[in-house]
Number of protein chains: 2
Amino acid sequence: MATLAEIAKRAGVSPAVVSRVLNKDTTLRIAKETRERVEAVIRDTNYAPNVAAQSLRSAKSETVAVVFHDIANPVYGEILRGAQEEAERQKKAILLGDAAVGGASGSRLAQMIGGGGVDGLILQASGTRTDALIVQAARQEVPVVLLQTRLDIEAHLILLPDAEAAAMATAHLKGLGHRRIGCLATEPGLTFTEDRMKGWRQEMGGDVDEDCVTHSGPAAAEGEVAAHDLLSRHPDLTGLVCFNAVAAVGALRAARALGRDVPGDLSVIAIHDLKFAADLQVPLTVVRMPLAEMGRASIRTICDPNGARAPTTRITTPPELLIRESTAPPGRSG
Amino acid sequence: MATLAEIAKRAGVSPAVVSRVLNKDTTLRIAKETRERVEAVIRDTNYAPNVAAQSLRSAKSETVAVVFHDIANPVYGEILRGAQEEAERQKKAILLGDAAVGGASGSRLAQMIGGGGVDGLILQASGTRTDALIVQAARQEVPVVLLQTRLDIEAHLILLPDAEAAAMATAHLKGLGHRRIGCLATEPGLTFTEDRMKGWRQEMGGDVDEDCVTHSGPAAAEGEVAAHDLLSRHPDLTGLVCFNAVAAVGALRAARALGRDVPGDLSVIAIHDLKFAADLQVPLTVVRMPLAEMGRASIRTICDPNGARAPTTRITTPPELLIRESTAPPGRSG
DNA sequence: TGGATTTGGTAAATCGTATTACCAATAGGA
DNA sequence: TCCTATTGGTAATACGATTTACCAAATCCA
């Protein structure tokens with residue numbers, strides 16, 4: 001394993017020269033031949049600087065931690081993809097955490113955050129698991145970026161065009177002629193849930209019946225239960241806006257179980273796209289969110305020295321309506 | 001930011017004592033009150049050791065790099081989940097790489113691998129992108145674990161029960177009475193492709209017609225093209241074994257385009273499960289692979305000091321047949 | 001020839017932790 | 001009283017890169 005000192009010895013110079021050549025120090029005055037000799041040794045000894053030493057010296061790790069609520073969630077994979085992309089561009093590495101399986105205070109990730117091993121923390125998750133991480137981050141003054149989740153800590157918040165997306169979905173159904181439209185929302189109290197509710201209400205105008213709103217977690221099974229209940233209580237609904245596509249798959253199951261044809265008897269539209277949305281039993285109409293852009297923005301915010309200080313970023317890339325086969329004009333029962 | 005030296009000063013001892021208390025050095029003889037005093041200062045100053053310094057000193061990072069071919073691939077997410085789980089148990093952090101968007105020689109990940117910032121490298125991907133990483137790993141004598149991909153380098157190889165899975169899928173179709181069974185295989189030359197072919201051939205016995213085998217990449221669109229071609233050439237096929245579930249979704253599209261009812265005219269079975277396999281237009285019968293176990297094994301191998309030296313691990317957890325609705329006894333055309 | 005610049009570097013001090021080797025003071029034993 | 005253990009620590013160094021301050025030798029200009 002080569003060290004700076006060894007390279008220096010081989011090239012017949014001091015370690016300082018090697019370091020300054022590597023880091024392109026413009027204040028270094030050096031003879032052309034010396035530089036070439038040093039560069040040659042670096043090349044053919046295949047030298048790479050020790051990152052721990054660099055990190056110790058510079059108090060920077062060029063690494064950012066990204067913690068998800070559930071890595072395997074098909075919707076959020078795209079955020080990670082965007083983050084990865086931007087990290088590559090900014091020459092940062094990504095330390096991955098999954099709040100579902102780890103991240104508690106004893107975890108290596110927590111140690112790294114608390115021990116200066118990370119330049120920033122991006123959280124898509126919230127809960128007791130991640131609280132430990134936030135505490136660590138605060139101690140080291142590591143900037144924190146929250147995705148979609150307002151918390152009472154000093155952190156930068158990144159939001160999606162949630163109200164727009166919900167409005168867009170609702171408008172699509174209204175445009176088709178639907179009036180009695182239910183809402184399968186995400187968990188109450190969450191930042192994005194409230195924003196989407198706002199968009200939905202706005203678009204519904206006077207037609208809103210609070211009893212036609214229900215909430216569920218982001219799993220298909222949860223969506224199924226909630227939708228089953230809602231559709232049983234309100235057989236007159238001809239449209240359903242789902243705030244989460246995975247939950248919407250559950251809603252599709254519920255509709256089927258209740259013998260309601262989609263889109264014949266019931267139109268279903270959801271926020272977020274799914275990889276196989278087009279291959280579902282009923283190809284699902286969705287409003288696609290700029291998730292990759294959100295991932296990119298999160299890394300950008302961490303890397304921009306002032307970025308994490310500003311309070312909020314709202315992604316402005318507009319959501320995209322992808323019409324498939326789960327929505328249609330209301331039929332005989334509409 | 002607290003350092004060892006500061007803690008030591010506050011507690012009125014030398015840094016050595018603090019370090020040895022933290023690391024539970026049993027050779028340290030210390031008065032009970034002194035220890036308690038030190039521990040108290042550590043606690044209420046909320047001290048956490050600097051990881052870069054530790055890493056520099058110990059030449060260990062407690063970090064493992066995991067590089068995927070495509071993070072967003074719904075099939076392989078489960079591997080990551082398993083790896084994450086085991087990493088948590090072993091107190092390792094995971095540095096994530098995606099060969100699709102980065103990982104080239106200039107990337108921070110490559111720098112970290114080459115600079116001793118990583119204790120091991122797990123590769124699910126192969127190709128020019130990852131070659132740079134392998135070179136870096138070799139230089140630092142970082143152990144490499146390959147998932148499913150035999151390469152001509154010094155590395156530990158982890159394999160799934162590929163032959164068994166293919167045999168199981170084929171046997172399911174034969175058990176239903178199918179005889180003319182096609183095979184939509186993965187790309188030729190790959191380790192797991194060959195193993196699955198072996199399992200398929202074995203189970204097919206004499207019934208195998210080489211012209212009924214085709215290959216495709218792991219994307220739905222690729223599977224669709226290949227399957228469309230195969231099914232057009234061989235309209236007599238009543239069964240299709242797909243080596244990859246994502247490609248199988250494409251095959252389902254192709255069957256539909258050709259007007260072939262699944263499972264009425266054609267039974268389709270695939271290797272790997274999909275999150276929404278049960279919600280597809282035709283719920284897909286699959287052979288589920290122990291992917292999480294593979295992820296766990298990869299971390300275990302890295303962490304076990306002798307692990308990466310042994311040449312190969314074959315995961316023995318048996319694949320699991322999940323019968324849904326894409327397979328049935330051959331109909332009128334069978 | 002002498003003073004000022006420029007050229008081409010180097011020495012040394014961090015960064016924070018871990019560990020080995022050592023040692024003063026007290027206690028114990030005869 | 002003197003010698004040996006034991007107790008309870010400490011001093012010093014290495015890990016590898018970076019950077020600031022400094023400086024000898026060569027060159028230039030008059």
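Note: hydrogens, waters and symmetry copies are ignored here, and every other heavy atom, side chains too, is used. Just so we're on the same page: letters track the sequence lines, and every chain starts at 1.
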Can you check the Leu56(A) CG to dC15(D) P distance for me, whole Å? 14 Å
Arg300(A) atom CZ, neighbour heavy-atom count above 12 within 6.0 Å: yes
If I take atom CD1 in residue Ile7(A) and atom P in nucleotide dA17(D), what distance separates them, rounded to the nearest angstrom? 9 Å
Check whether any side-chain nitrogen or oxygen of Tyr47(A) sits under 4.0 Å from OP1 or OP2 of dA17(D), and answer yes or no. yes
Can a donor-acceptor pair be found, under 3.5 Å and without considering hydrogens, that links the side chain of Arg108(A) to the backbone of Thr63(B)? no
Separation of Gln54(A) atom CD from dG16(C) atom C1', in whole Å? 16 Å
Strictly below 4.0 Å, N to O, side chains only: are Arg43(B) and Glu36(B) in salt-bridge contact? no
For Asn23(A), which contact category applies under a 4.0 Å heavy-atom criterion: base, sugar-phosphate, or nothing? sugar-phosphate
Rounded to whole angstroms, how far apart are CD1 on Ile42(B) and P on dT17(C)? 11 Å
Provide, to the nearest angstrom, the distance between the CG atom belonging to Leu4(A) and the C1' atom belonging to dA14(D). 16 Å
Atom CG of Asn50(B) to atom C1' of dC15(D): distance rounded to whole Å? 13 Å
Modelled atom types, side-chain donor and acceptor of Gln140(A) and Gln136(A), under 3.5 Å: no
How long is the span from the CG atom in Leu109(A) to the NZ atom in Lys92(B), to the nearest 0.5 Å? 14.0 Å
In the 5'-to-3' direction, what one-character label does each nucleotide of nucleotides 3-9 of chain D receive under the scheme B = base within less than 4.0 Å of a protein heavy atom, S = sugar-phosphate only, - = no such atom? -----BB
Nearest to the side chain of Ala16(B), heavy atoms from C-beta on, is which of dT19(C), dT19(D), dG16(C)? dT19(C)
Using whole Å, report how far CD of Gln111(B) lies from P of dA17(D). 13 Å
Measure from NZ on Lys9(A) to P on dT10(C) and round the result to the nearest Å. 14 Å
For Gln84(A) and Arg81(A), test the side chains for any donor-to-acceptor distance below 3.5 angstrom and give the result as yes or no. no
Answer with yes or no whether the side chains of Thr312(B) and His156(B) bring together a donor and an acceptor at under 3.5 Å. no
